[in-house]
Amino acid sequence: MSEIRVRFAPSPTGYLHVGGARSALFNYLFAKKNNGKFILRIEDTDQERSTHESLKMMVDDLNWLGLKWDEGVDPLTLKDMGPFAPYRQSERLSIYKQVADEILKNGKAYYCFMTDEEIDRQRAINQAEHSYAHIESPYAEWPLEKALTELKNGKSAVVRFKTKALKKDYILPDLIRGEVRFPSDMVGDFVLLRSDGMPVYNFCCVVDDHLMKISHVLRAEEHLPNTLRQMMIYESMKWPTPQFGHISLVLDDDRQKLSKRKGAVACDVFKDEGYLPEAMNNYLALLGWSHPEGKEIFELKEMEQLFSIDRLNSSGAVFDRVKLKWVNSQHLRALSSEDLWNLIQPHLQKAGLVLPQDQAWQLHSADVFRSKMEIASDAVALYTPLDETRFAIAGESTEVLTWPTTKVVLQTWKKLLVDFISEYLSEEDFVRFENEVKIQSQTKGKNLFMPMRVAVIGKPHGTELKILTPLIPVKALIARAEKVLSHVESL
RNA sequence: GUUCCCAUCGUCUAGUGGCCUAGGACACCUCCCUUUCACGGAGGAUACAGGGGUUCAAAUCCCCUUGGGAACGCCA
């Protein structure tokens, strides 16, 4: 059996979309599972919109996800890497030109001199008559020589593929959908080469897939109609077609194709918010694929072993950010304290929090907060009460501070702290202190713990004190208690 | 409008003719744990779009209807 070769072929005209990431993932997994090659090809024939920054961004995001490719552009230098170079379509123009000439010579394509106005007019008529919105070019049957002469005289033309003669159904054996039957007149004479000589997607795609010996094309369902055009091109060149599999779409909660307007869809946004790449891959895989044992949480390596096209679903899947978060929280829990700290640290720094530098404190804090975070950026809210410079008495605390028993609670708490000798309280110390306050102040329930919480974080609600207090130096706890106490007296 | 695709709990899904009075996960609700919230634990409610066939037997196969989606570019 010949080698399995698959590709992900983004056009660098923006960010990497989560739908794109999912396609890349499935291609990657299919290659890994079958000891094949995963190729990253750059479809940059739209020179207006393709940018270097976008390419860089996509490469970075793919790297972040850990979907390593075997051929394509080098992840660091962006230079070509692999035996079928170049992998950027903008550098393969002469190849497309050659193939186009051959199709032209065979009479399967023609130069079309229609102007934009002529085309618009035809479309308008078609629409009014509710007929097929295909254009009918008067140049379809021109001999090649005649067209070439016009071209020499300075006229400009696109190259169109001739579909008229192809009166038959095309049957696509789709790996995911079974047999898909297209009537040949489903598409009109489509463009192969633009008037400036730049090739168009459907054409490059076929030429490259063939030349790069792509064995399987796994791509989103929206390409289904393109596949008919591509099959026609393969046929005209007498090239064998690769196997196609059309993956269901990722949808918004209104069941339309996922779009930016309804929330983040760019991979790097999730990266910046503190999602783990393993969680992204895990969740994206769950959109259309299922683990054979029904597992919900798994690593990339496991998917590489288990992936199969058979388990891909053919219906569209709604992108559920809530479940994504949950998946992320599960992966967060599996992290070592050190990895977790390294993950959240940049978020804390970005928020400008002033926190202790010693490693034991850092690891301990990461550990106790672990189960309270779903994504890394959640850490900011969790750590903010630990920043001495940010301590403030919130307005919502006022009611608590006016309770008759509050003052004695605060005084007792402060006294216990002042008499304490170590730098930090342990969890046990805190529990003991709390009990002590309870006895001495003769309070219980929320009359006890709400004033205490205000004394520690300035607010009556928040993380358990037995977790928080061991992370705040006793000196600071005393200072906070004093502030609150003097605030009570000023009321 | 035309062509194509799709159709199991709110969402992601398991299910490839009998194991299905339909299983799991997220979300939701109740209770337990907890001197708040959360975490964790135990329960609960909720789905085979409708109608015809085929078959001893249909969520599973076929047809129709309905609903949803995508594509109809000198974008990819």
Side-chain angles (χ1 to χ4, degrees), chain A residues 9-14 43-46 48-50 89 112 114 116 119 123 126-135 156-160 172 174 176-177 180-183 185-188 190-202 204-205 219-228 246 248-249 251 253-257 283 286-297 310-311 313-327 329-330 333 370-374 382 434-435 438 443-450 452-453 460-467:
Chain A
S11 65
T13 55
E43 311 222 326
D44 56 352
T45 55
D46 183 350
E48 303 261 303
R49 298 197 299 148
S50 298
Q89 294 185 329
C112 174
M114 284 175 87
D116 287 350
I119 291 171
R123 288 225 172 89
N126 284 343
Q127 224 156 37
E129 291 175 353
H130 293 290
S131 62
Y132 291 87
H134 299 158
I135 69 138
S156 78
V158 298
V159 173
R160 281 188 193 280
L172 165 68
D174 192 277
I176 298 167
R177 270 146 234 283
V180 179
R181 183 179 292 260
F182 305 107
D185 60 1
M186 179 175 159
V187 295
F190 54 94
V191 172
L192 258 27
L193 254 36
R194 292 177 247 230
S195 52
D196 63 0
M198 280 304 264
V200 155
Y201 166 75
N202 278 302
C204 314
C205 186
R219 61 176 25 157
E221 185 190 331
E222 57 194 334
H223 284 291
L224 220 33
N226 285 328
T227 308
L228 170 60
H246 288 90
S248 62
L249 258 18
L251 310 172
D253 43 21
D254 60 0
R255 304 209 71 88
Q256 308 220 328
K257 208 166 87 173
Y283 178 69
L286 249 19
L287 248 35
W289 184 78
S290 57
H291 190 285
E293 288 158 35
K295 276 173 74 174
E296 301 271 333
I297 301 299
D310 300 352
R311 299 196 68 81
N313 222 60
S314 49
S315 53
V318 174
F319 188 69
D320 180 355
R321 290 172 173 81
V322 175
K323 184 150 182 181
L324 202 211
K325 270 200 177 182
W326 175 79
V327 170
S329 74
Q330 299 305 301
R333 275 146 211 245
R370 180 196 306 277
S371 69
K372 301 183 178 301
M373 297 184 250
E374 287 193 298
L382 255 10
E434 188 180 38
N435 211 34
K438 179 180 174 180
T443 57
K444 59 179 182 179
K446 67 178 191 174
N447 284 325
L448 171 68
F449 66 79
M450 280 191 158
M452 284 187 70
R453 184 172 284 113
H461 300 283
T463 310
E464 302 99 294
L465 291 177
K466 67 178 181 192
I467 286 183

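To find a chain, count down the sequence lines: A is the first, B the second, and so on, and within it residues start at 1.
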Q: Under 4.0 Å between any heavy atoms, over every strand shown, what does Val180(A) touch: base, sugar-phosphate, or nothing? Just pick one.
A: sugar-phosphate
Q) If the C1' atom of A47(B) is compared with that of G24(B), how far apart are they to the nearest Å? A) 14 Å
**Q.** Watson-Crick/G-U partner (both atom distances under 3.5 Å) of U46(B)
**A.** none
Q) How far does the P atom of A38(B) sit from the matching atom of C72(B), given to the nearest Å? A) 47 Å
Q. NA contact type, Ser195(A), heavy-atom cut-off 4.0 Å: base, sugar-phosphate, or nothing?
A. base
Q: Please report, rounded to the nearest Å, how far the P atom of A70(B) is from the NE2 atom of His246(A).
A: 16 Å
**Q.** Base partner of G10(B), which must satisfy Watson-Crick or wobble distances under 3.5 Å
**A.** C26(B)
(Q) So Val158(A) and Val200(A), do their side chains get closer than 4.5 Å, heavy atoms only? (A) no
Q. Should Ser248(A) and Ser314(A) count as side-chain neighbours, where that means a heavy-atom distance under 4.5 Å?
A. no
Q | Distance, C1' atom - from U65(B) to A71(B), rounded to whole angstrom | A | 24 Å
(Q) Taking the minimum atom-to-atom distance to the side chain of Val200(A), which one of G69(B), U13(B), C74(B) wins? (A) C74(B)
Q: Using a 4.0 Å heavy-atom cut-off across all strands, classify Asp253(A) as base, sugar-phosphate, or nothing.
A: nothing
Q: With heavy atoms under 4.0 Å as the rule, sort Val158(A) into base, sugar-phosphate or nothing.
A: base
Q.
Looking at U2(B), which nucleotide sits across from it as a Watson-Crick or G-U wobble partner, both distances under 3.5 angstrom, or is there none?
A. A71(B)
Q) Separation of Arg181(A) atom CZ from C6(B) atom C1', in whole Å? A) 19 Å
(Q) Going by purine N1 to pyrimidine N3 plus the second Watson-Crick contact, or the G-U wobble pair, all under 3.5 Å, which nucleotide sits opposite U16(B)? (A) none
Q) Atom NZ of Lys257(A) to atom C1' of C72(B): distance rounded to whole Å? A) 13 Å
Q: With RNA chain B as reference, determine whether Lys323(A) or Lys446(A) sits nearer its 5' end, using the nearest nucleotide of each.
A: Lys323(A)
Q.
I want to check something: taking the side chain as every heavy atom from C-beta on, are Val327(A) and Glu296(A) in contact at a cut-off of under 4.5 Å?
A. no
(Q) What's Glu43(A) touching, base or sugar-phosphate or nothing? Going by heavy atoms closer than 4.0 Å. (A) sugar-phosphate
Q: Specify the separation, in whole Å, of atom CE of Met450(A) and atom P of U35(B).
A: 15 Å
Q. Looking across every strand, which nucleic acid part, if any, lies under 4.0 Å from Gly288(A) by heavy atom: base, sugar-phosphate, or nothing?
A. sugar-phosphate
(Q) Under 3.5 Å for both donor-acceptor distances, Watson-Crick or wobble: does C61(B) have a partner, and if so which one? (A) G53(B)
Q: Determine the contact category for Leu249(A): base if any of its heavy atoms lies under 4.0 Å from a base atom, sugar-phosphate if only primed atoms, P, OP1 or OP2 are that close, otherwise nothing.
A: sugar-phosphate
Q.
Without decimals, in angstroms, what is the distance between Glu222(A) CD and G73(B) P?
A. 15 Å
Q) So what does Arg311(A) touch, heavy atoms closer than 4.0 Å: a base, only the sugar-phosphate, or nothing? A) sugar-phosphate
Q) Quick one: does His134(A)'s side chain have a donor or acceptor within less than 3.5 Å of a partner on Phe190(A)'s backbone? A) no
Q: May I ask you to say what Leu448(A) touches in the nucleic acid, namely base, sugar-phosphate or nothing, with a heavy-atom cut-off under 4.0 Å?
A: base
(Q) Strictly below 4.0 Å: does Arg123(A) bring a side-chain N or O up to OP1 or OP2 of G73(B)? (A) yes
Q | Short side-chain N/O contact to A38(B) OP1/OP2 from Thr463(A), under 4.0 Å | A | no
Q. Which is true for Arg370(A) with a 4.0 Å heavy-atom rule: it touches a base, it touches only sugar-phosphate, or it touches nothing?
A. nothing
Q: Describe the nucleic acid contact of Arg333(A) in one word from base, sugar-phosphate, nothing, applying a heavy-atom distance below 4.0 Å.
A: sugar-phosphate
Q | C1'-based separation of U34(B) from A42(B) [nearest Å] | A | 16 Å
Q.
Is there a side-chain contact between Arg160(A) and the phosphate of C74(B), meaning an N or O under 4.0 Å from OP1 or OP2?
A. yes
Q) Does Asn313(A) place a side-chain N or O at less than 4.0 Å from the phosphate oxygens OP1/OP2 of A14(B)? A) yes
Q. Are any of Thr13(A)'s side-chain N or O atoms less than 4.0 Å away from OP1 or OP2 of A76(B)?
A. no
Q: Indicate whether any N or O donor in one side chain lies under 3.5 Å from an N or O acceptor in the other, for Arg219(A) and Thr227(A).
A: yes
Q: Name the residue closer to the 5' end of RNA chain B, choosing between Pro183(A) and Lys372(A) according to the nucleotide with the nearest heavy atom.
A: Pro183(A)
Q. What is the distance from NE2 of His291(A) to C1' of A25(B), rounded to the nearest Å?
A. 13 Å
(Q) Applying the Watson-Crick and G-U wobble criteria at under 3.5 Å, what pairs with C37(B)? Answer none if nothing qualifies. (A) none
Q.
Once you apply a heavy-atom cut-off of 4.0 Å, does Glu434(A) come out as touching a base, just sugar-phosphate, or nothing?
A. base
Q) Reckon Arg219(A) has a side-chain N or O less than 4.0 Å from the OP1 or OP2 of A70(B)? A) no
